[in-house]
2 protein chains.
Amino acid sequence: MTAGSKRTKKQAILDTALQLFVSQGFHGTSTATIAREAGVATGTLFHHFPSKEQLLEQLFLSVKQEFADAIQSAVNKRGDLKKDAEQLWFAALSWAIDNPLKQAFFQLYSMSPTVEQSVRDQAMHSILGFIGALIRQGQAQGLLADFPQDLMQDNCHGQYLAATRYFADHPERWQQEHERSASFALFWNAMAVR
Amino acid sequence: MTAGSKRTKKQAILDTALQLFVSQGFHGTSTATIAREAGVATGTLFHHFPSKEQLLEQLFLSVKQEFADAIQSAVNKRGDLKKDAEQLWFAALSWAIDNPLKQAFFQLYSMSPTVEQSVRDQAMHSILGFIGALIRQGQAQGLLADFPQDLMQDNCHGQYLAATRYFADHPERWQQEHERSASFALFWNAMAVR
DNA sequence: GTCTATAGAACGATAGAC
DNA sequence: GTCTATCGTTCTATAGAC
């Protein structure tokens with residue numbers, strides 16, 4: 001076993017819960033099933049996670065954090081906003097392509113009342129505050145249209161979810177340069193000044 | 001009681017199921033609770049719907065059909081594509097504003113595995129075929145960018161979901177002309193030729 | 001930390017009276 | 001069509017041995 005690849009029982013529970021919550025939904029998945037599929041006893045599951053709700057919560061926050069780390073480390077701001085936006089767009093899309101289960105988890109739980117509003121807000125702000133700053137910068141430079149801040153941010157999120165669903169449904173198209181560049185063009189043109 | 005306002009028990013079950021499936025999720029809502037809140041017995045629920053799954057299915061298709069009827073009747077194609085798109089955009093947004101519960105239901109179940117893929121496809125094609133035709137028309141006229149058809153369609157859907165979420169979260173902004181026109185500008189500019 | 005065994009409640013669906 | 005009553009199952013969570 002290589003260094004860092006040790007899968008603890010706790011991690012096995014999180015991995016299995018991710019898969020089952022995506023395919024069957026939260027209430028549609030029993031803790032007994034998660035434990036069985038993960039190869040642990042129900043008592044072990046409740047040793048690591050005090051309740052089923054807290055298992056979902058920890059899973060949600062860890063996946064969001066993983067996403068935020070992945071895209072922020074991929075971008076080195078150099079002043080050219082369009083280039084930065086392009087790097088960010090492709091880093092975010094690449095992460096989604098490489099982590100289809102986690103992307104599906106976002107689609108299902110990012111706006112579901114099953115996850116507490118406060119938990120979703122916490123995850124959103126720690127990630128999208130960073131996006132909001134980029135948009136304000138673009139407006140100050142006269143590159144981006146002067147639309148309401150929140151509307152532009154929500155629109156970014158919506159276009160991202162649509163693009164990831166598109167490339168997840170048609171993986172071969174992700175290999176084509178004109179498909180990738182078209183997805184960025186839709187994203188950028190929506191906000192760019194004419 | 002005015003004409004047409006007669007709420008049958010079957011309709012009461014559908015209305016209550018819509019509300020509870022949105023607030024608690026499908027598996028998080030028991031048939032016993034739906035029946036109690038609707039003011040009927042559990043036996044009555046299973047008289048009208050052979051199973052809980054089929055209740056969800058009938059609800060899903062009826063809400064989608066209602067949406068399709070609402071936006072198609074609001075648009076009278078006159079050859080000016082941008083005007084047609086604008087009418088369609090605001091008809092779709094208005095419907096979402098006026099039916100927040102049904103809009104939330106879409107957000108949660110339009111891409112959830114809880115609803116059978118075949119049922120979701122059936123709903124999608126009977127509605128979005130119509131949108132696809134409009135996009136092809138715009139490309140033929142040189143008004144819309146020549147990006148892949150499916151990508152543009154998915155992008156439309158994503159921007160629509162983002163906009164409805166935005167105005168649902170901030171209802172007062174829907175009253176402001178500059179907010180409404182900004183939402184359409186983001187939508188149109190994404191696809192328009194430069 | 002991990003297991004087995006089980007408590008106690010809630011579940012989907014059915015039967016049969018009216 | 002609608003009701004009450006209930007069957008057999010499955011659920012989350014805990015207790016206690018190792």
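We name chains A, B, ... by the order of the sequence lines, and we start the count at 1 in each one.
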Do any side-chain atoms of residues 182-194 of chain A form donor-acceptor pairs under 3.5 angstrom with protein atoms, and if so which ones, sequence neighbours left out?
unit_1, atom_1, unit_2, atom_2, d
Ser183(A), OG, Trp89(A), NE1, 3.1
Ser183(A), OG, Arg180(A), O, 2.7
Asn189(A), ND2, Ala185(A), O, 3.3
Arg194(A), NH2, Val193(B), O, 3.4

**Message:** Evaluate Glu37(A) against Thr16(A) for side-chain hydrogen bond (donor to acceptor under 3.5 Å, both in side chains), listing each step before the verdict.
**Reply:** CA-CA 7 Å; Glu37(A) 293 285 304; Thr16(A) 305; over 6 Å; no
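- A heavy-atom distance below 4.0 Å to DNA chain C is reached by these residues of residues 41-55 of chain A, ordered by number: Ala41(A), Thr42(A), Gly43(A), Thr44(A), His47(A), His48(A).
- Between Phe90(A) and Trp95(A), the ring centre distance reaches or exceeds 6.0 Å.
- A 6.0 Å sphere centred on CD of Gln54(B) holds more than 12 heavy atoms belonging to other residues, nucleotides or ligands.
- For the segment residues 13-27 of chain B, the set of residues with a heavy atom within less than 4.0 Å of an atom of DNA chain D is empty.
- Both the sub-6.0 Å distance and the 45° axial angle are not jointly satisfied by Lys102(A) relative to the ring of Phe67(A).
- Nucleotides of DNA chain C with any atom under 4.0 Å from a heavy atom of chain A span, from 5' to 3', dT2(C) to dA5(C).
- A side-chain donor-acceptor contact under 3.5 Å links Gln117(B) and Asp121(B).
- For the residue pair Arg173(B)/Tyr166(B), the side-chain donor-acceptor check at 3.5 Å is satisfied.
- Using a 4.0 Å heavy-atom criterion, one finds that Thr29(A) contacts the sugar-phosphate atoms exclusively.
- Side chains of Gln159(A) and Asn155(A): a donor on one and an acceptor on the other come within 3.5 Å.
- Among residues two or more places apart in sequence or in another chain, the ring pair (Phe, Tyr, Trp, His ring centres under 6.0 Å) test is passed with Phe46(A) by none.
- With sequence neighbours left out, Phe26(A) forms a ring pair (Phe, Tyr, Trp, His ring centres under 6.0 Å) with Phe21(A).
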